[in-house]
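Everything numeric here is computed off the predicted structure, so don't read it as measured data.
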Amino acid sequence: MNESGIIILNKPQGLTTNHLIQRLKRKLNVKKIGHAGTLDPLATGVVICLINSGTKLSDYFLNENKAYEVTMKLFKSTDTYDSDGKIIEEQERFEIKKEEVEEVVSKFNGLTYEQEPPMYSAIKVEGKKLYEYARENQVVKVNKRTITINSLTLDKYEEDEISMTVYCSKGTYIRSLIVDIAKELNTIAHVTRLNRIESGNFKITDSVSLDDCEESNLIEMFDAIKMASYEIIKLEDTLNIEHGKKIELETKNDIVFISNKADQVIACYEREKNKLFKCKRGGLNI
């Protein structure tokens, strides 16, 4: 498969994101492959797979808002904050009224706060991933991240399980969010189900399973960038673009993509000052 672009897969449970894209690579005989955001093995849902030159779009798709459906189980906590981990604490079940749950959900709805990532995560500290420290029982200081819960909706509350839909900023850890919500309810919890339904403008309805995926599911570079709501400026003469030279553009956007008249995306440009733009990433058509 020589074409470039993206394929939106619906990741099954129990598979790492890397295993998923490597299977896709073998299935479609892709030369180069990447992704725009991992999911935990427990999680399902949207994974943006970057194909060939599409790997150069990683930064533009990675740092987007996300949306998830999540179920949390109360009164038990695990070392990984999800059901793949080892249970480290259990509590006697006590009554939590639905009104209390609704109040806490309301508190987090629209909240911007400093969130502490879980130790079992791929964040690097001094060149080493947090989960590597965790597996070696090493204590390391983890910097909190400023994240925003754009929207939090209670879908179901039954016995000791709470199901919600979360729309959040980049960098949000849903496992940490669940632990934080449990604290507000004066208890503990862990994630039992997590489904990513949106990554940026790419939705679960756009996705395909690995088994059903074919070359025809490739979204070409031009269309993928359009779907992501970036502006593409088409130029008749692209010689200066191909040489990475600065150009003047009339646009309100600070980041734009440049294509030729054949709709081949050549480069990404960013505003330097006023109308002057400099090349941010070239060779997108190579």
Side-chain angles (χ1 to χ4, degrees), residues 9-21 35 37-47 65-91 93 96 101 104-105 108 111 113-125 128-140 142 144-145 147 149 152-199 204 207:
L9 285 188
N10 186 347
K11 186 184 92 65
Q13 189 174 339
L15 201 63
T16 67
T17 305
N18 185 55
H19 284 149
L20 179 77
I21 65 170
H35 62 81
T38 60
L39 282 175
D40 298 326
L42 172 84
T44 58
V46 174
V47 172
N65 290 343
K66 309 290 192 299
Y68 301 88
E69 296 169 337
V70 61
T71 298
M72 60 188 280
K73 190 173 186 67
L74 300 168
F75 312 121
K76 286 184 183 180
S77 65
T78 70
D79 55 357
T80 59
Y81 297 179
D82 65 23
S83 54
D84 280 346
K86 180 175 66 177
I87 295 173
I88 55 175
E89 186 181 354
E90 292 189 61
Q91 289 181 340
R93 188 181 182 278
I96 300 176
V101 175
V104 171
V105 168
F108 280 88
L111 182 67
Y113 76 106
E114 298 292 307
Q115 185 187 71
E116 185 172 312
M119 272 301 294
Y120 279 87
S121 61
I123 295 171
K124 286 188 176 181
V125 175
K128 193 172 176 180
K129 292 175 181 176
L130 282 181
Y131 66 75
E132 292 174 326
Y133 288 108
R135 286 171 181 169
E136 295 167 3
N137 294 318
Q138 288 184 283
V139 178
V140 62
V142 183
K144 292 185 177 182
R145 295 175 160 195
I147 58 98
I149 306 303
L152 184 62
T153 307
L154 177 64
D155 298 326
K156 189 177 181 182
Y157 174 43
E158 209 167 69
E159 295 183 358
D160 59 354
E161 286 194 336
I162 300 172
S163 295
M164 297 169 290
T165 300
V166 187
Y167 286 80
C168 56
S169 65
K170 65 174 184 178
T172 301
Y173 277 93
I174 302 300
R175 287 176 290 144
S176 290
L177 173 66
I178 263 54
V179 168
D180 294 337
I181 288 171
K183 284 178 184 175
E184 291 293 320
L185 293 168
N186 297 311
T187 187
I188 53 178
H190 65 277
V191 172
T192 57
R193 184 183 72 93
L194 184 63
N195 183 38
R196 184 154 68 195
I197 55 175
E198 291 185 20
S199 180
I204 195 82
S207 70

Gap separating the CD1 atom of Ile147 from the CD atom of Gln115, nearest 0.5 angstrom: 4.5 Å
4.5 Å side-chain heavy-atom contact, Asp82 and Arg175: yes
Show me, pair by pair, the donor-acceptor contacts under 3.5 angstrom made by side chains of residues 153-160, not counting sequence neighbours?
residue, atom, partner, partner atom, Å
Asp155, OD2, Thr165, N, 3.2
Asp155, OD2, Thr165, OG1, 2.6
Tyr157, OH, Ile96, O, 2.6
Asp160, OD2, Lys73, NZ, 3.1

Any side-chain heavy-atom pair of Cys168 and Ile149 under 4.5 Å: yes
Worked check of side chain to side chain contact (heavy atoms under 4.5 Å, CB included) between Asn10 and Val46: CA-CA 5 Å; Asn10 186 347; Val46 174; over 6 Å; no
Neighbour count >12 (heavy atoms, 6.0 Å) for atom NZ, Lys76: no
Side-chain touch Pro41/Thr17, heavy atoms, less than 4.5 angstrom: no
Validation row: Phe108, Ile181 side chains within 4.5 angstrom (heavy atoms): yes
Check: Thr192/Thr71 side-chain N/O donor and acceptor closer than 3.5 Å: no
Evaluation steps, side chain to side chain contact (heavy atoms under 4.5 Å, CB included), between Asp180 and Tyr173: CA-CA 11 Å; Asp180 294 337; Tyr173 277 93; over 6 Å; no
Nearest-0.5 Å distance, OH of residue Tyr68 to CE of residue Met164: 13.5 Å
Atom pair NZ (Lys11) and OG (Ser207), whose distance is rounded to the nearest 0.5 Å: 12.5 Å
Check: Tyr167 and Asn65 side chains under 4.5 Å, non-hydrogen atoms: no
Beyond-backbone contact of Glu161 with Leu74, side-chain heavy atoms, under 4.5 angstrom: no
Point-to-point distance, once rounded to the nearest 0.5 Å, from CD1 of Ile162 to CG of Leu185: 5.5 Å
Approximate separation, where rounding is to 0.5 Å, of Leu39 CG and Ser199 OG: 8.5 Å
From CD (Glu69) to CD1 (Ile197), nearest 0.5 Å: 4.5 Å
Step-by-step side chain to side chain contact (heavy atoms under 4.5 Å, CB included) determination, Leu42 to Val191: CA-CA 9 Å; Leu42 172 84; Val191 172; 3.8 Å; yes
Residues which pass side chain to side chain donor-acceptor pair (under 3.5 Å) with Gln91, listed by chain and number, not counting sequence neighbours: Thr187
Any residue meeting side-chain contact (heavy atoms from CB on, under 4.5 Å) with Thr78, in chain and number order, not counting sequence neighbours: Thr80, Ile87, His190
Side chain proximity check, Ile204 to Asn195, heavy atoms < 4.5 angstrom: yes
Validation row: Val47, Arg196 side chains within 4.5 angstrom (heavy atoms): yes
